[in-house]
Number of protein chains: 2
Amino acid sequence: MTEQEKSTEEIIFDAAQKVFVLKGFDGARMQEIAQEAKINKALLHYYYRTKEKLFHAIFERVLSYIIPRVLAFVESDEPIFSKIEFFVNTYVELLLKNPYIPNFVISELNRNPDSIAEMLGGLMVKNDALKKFTVLINKEIEKGTIRPIRPEHLFVNMISLCIFPFVARPIIQGVIFKNDKERYQEFLMERKKEVASFIINSIKIEK
Amino acid sequence: MTEQEKSTEEIIFDAAQKVFVLKGFDGARMQEIAQEAKINKALLHYYYRTKEKLFHAIFERVLSYIIPRVLAFVESDEPIFSKIEFFVNTYVELLLKNPYIPNFVISELNRNPDSIAEMLGGLMVKNDALKKFTVLINKEIEKGTIRPIRPEHLFVNMISLCIFPFVARPIIQGVIFKNDKERYQEFLMERKKEVASFIINSIKIEK
DNA sequence: GTCTATATATGGATAGAC
DNA sequence: GTCTATCCATATATAGAC
């Protein structure tokens, strides 16, 4: 779809996503979104009655883009260590392309922890990925491929190692890399391999 | 120091910290801070001319409270694995007591990545903890105690595993623990041991 | 130092013309 | 459907009395 074929509604939607993702709900200004979309402020209210509604639409879109991609790895037929490599690889890749999304999601969930429950619930429960992951891990533990570990901890560890360096980018880039943007970018790319092997080394049982 | 001995300035300062940490700069209201301090709104401006200045003071205080504690582990004389256990333990303990601080710091650094550089620089460079950590790790690799790993990755992994579950509390608590607050609290406490052994298992070389 | 009252600015939302 | 002009609520900040 070319730029010209985009409907005004879509143009607004994309502009809003850009601004909301960068600034968060409180920081975003309807005026700025209008400017970004090159239309008038009043038109925002014509399409999406309130700031809150517009934000909600964006938030839902972002989550339903991210979550299935994050959980897809559970479905594959690969052996467990390949699954983990696949997970880390696709996740870090995804974040390199959308580095501001984690902060956006987190700051919104901080602002409004409740309103989101249903939305998330819908996306996850339908998929049931977490249960599958638990079964999967417990099976590997029984087989003796990996050491005993609560699947919840393993899962949280996996996402922590992937996401946090993006969430805390300013501080890590500043403190460790003296604000050298390029070096931090390289560092993040290195993590595609590094994190996977960090996890695998931790849980693997040598035969 | 008892409550009554606290000066008005300190009372304001503490109230402001409470509100800013919970709501962030954009979300915080001077009115709310005044209420929390049980004083008048105008008095805030009498002591700290602007919201921005008040915030800055709070932010500096929080960082200088957190950072030295996080980096203290480098100094101890313990062997490396004890150091790691100590780090994870004190850090998670600290976060259990101050669960909103990570989000506060992160959201501010997101809002304003530059202004903070000097402040951080001062706290870290003086201490030079990172360089010490690098030396430490490289020495252990040479000795054959741990497998080869870039110290930067190891350090980022350590803080990621500790902090992220607090940053992403609403989402993890919601998705994995069906919003059961108590179970999530237990889960976080378990991590004091779990994360340490996760890291150690990953880097240790068996003799 | 602490208060009440008020100025000033900003930003979300609406009215109404085209 | 899109614009200009404007309303109105909110929030920071100041003036001035005590």
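In the text below, chain A, chain B and the rest are named by the order of the sequence lines, each starting its count at 1. Only heavy atoms go into these numbers, but all of them, side chains included; no hydrogens, no water, no symmetry mates.
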Whole angstrom value for the distance that separates [atom2] of [N] from [atom1] of [X]:
{"X": "Q31(B)", "N": "dA11(D)", "atom1": "CD", "atom2": "P", "result": "9 Å"}
{"X": "Y47(B)", "N": "dC3(C)", "atom1": "OH", "atom2": "C1'", "result": "13 Å"}
{"X": "K38(A)", "N": "dC3(D)", "atom1": "NZ", "atom2": "P", "result": "13 Å"}
{"X": "L44(A)", "N": "dT14(C)", "atom1": "CG", "atom2": "P", "result": "13 Å"}
{"X": "L43(B)", "N": "dT12(D)", "atom1": "CG", "atom2": "P", "result": "16 Å"}
{"X": "K53(B)", "N": "dT12(D)", "atom1": "NZ", "atom2": "P", "result": "16 Å"}

Look up atom [atom1] in [X] and atom [atom2] in [Y], then write down how far apart they are to the nearest 0.5 Å.
{"X": "I172(A)", "Y": "Y184(A)", "atom1": "CD1", "atom2": "OH", "result": "4.0 Å"}
{"X": "I84(A)", "Y": "S197(A)", "atom1": "CD1", "atom2": "OG", "result": "11.0 Å"}
{"X": "F187(B)", "Y": "R169(B)", "atom1": "CZ", "atom2": "CZ", "result": "11.0 Å"}

Task: Of residues 18-27 of chain A, the positions that come close to DNA chain D - non-hydrogen atoms, cut-off under 4.0 Å - done: none
Which protein N or O atoms sit under 3.5 Å from an N or O of nucleotides 8-10 of chain D?
none

For residues [X] and [Y], establish whether the separation of their ring centroids is below 6.0 Å.
{"X": "F59(B)", "Y": "F104(B)", "value": "yes"}
{"X": "Y48(A)", "Y": "H56(A)", "value": "no"}
{"X": "F86(A)", "Y": "F73(A)", "value": "no"}

Open item on the list: So for atom CZ, which belongs to R61(A), do other residues, nucleotides or ligands contribute more than 12 heavy atoms lying within a distance under 6.0 Å?
Closed with: yes
Open item on the list: Run E75(B) and K132(B) through salt bridge (Lys or Arg N to Asp or Glu O under 4.0 Å) and show every step you take.
Closed with: CA-CA 8 Å; E75(B) 306 292 345; K132(B) 283 179 191 162; 3.1 Å; yes
Open item on the list: Do D14(B) and K6(B) have side chains that approach each other closer than 4.5 Å (heavy atoms only, starting at C-beta)?
Closed with: yes
TODO: Report yes or no: does K178(A) contribute a side-chain atom to a donor-acceptor pair with the main-chain N or O of Q173(A) at less than 3.5 Å?
DONE: no
TODO: Name the nucleic acid region contacted by A28(B), choosing base, sugar-phosphate or nothing; use a 4.0 angstrom heavy-atom cut-off, strictly under.
DONE: sugar-phosphate
N/O to N/O distances under 3.5 Å, protein versus nucleotides 13-16 of chain D:
{"unit_1": "dA13(D)", "atom_1": "OP2", "unit_2": "H45(B)", "atom_2": "NE2", "d": "3.2"}
{"unit_1": "dA13(D)", "atom_1": "OP2", "unit_2": "K51(B)", "atom_2": "N", "d": "2.8"}

Task: Worked check of side-chain contact (heavy atoms from CB on, under 4.5 Å) between V135(B) and K139(B) - done: CA-CA 6 Å; V135(B) 172; K139(B) 210 171 279 174; 4.2 Å; yes
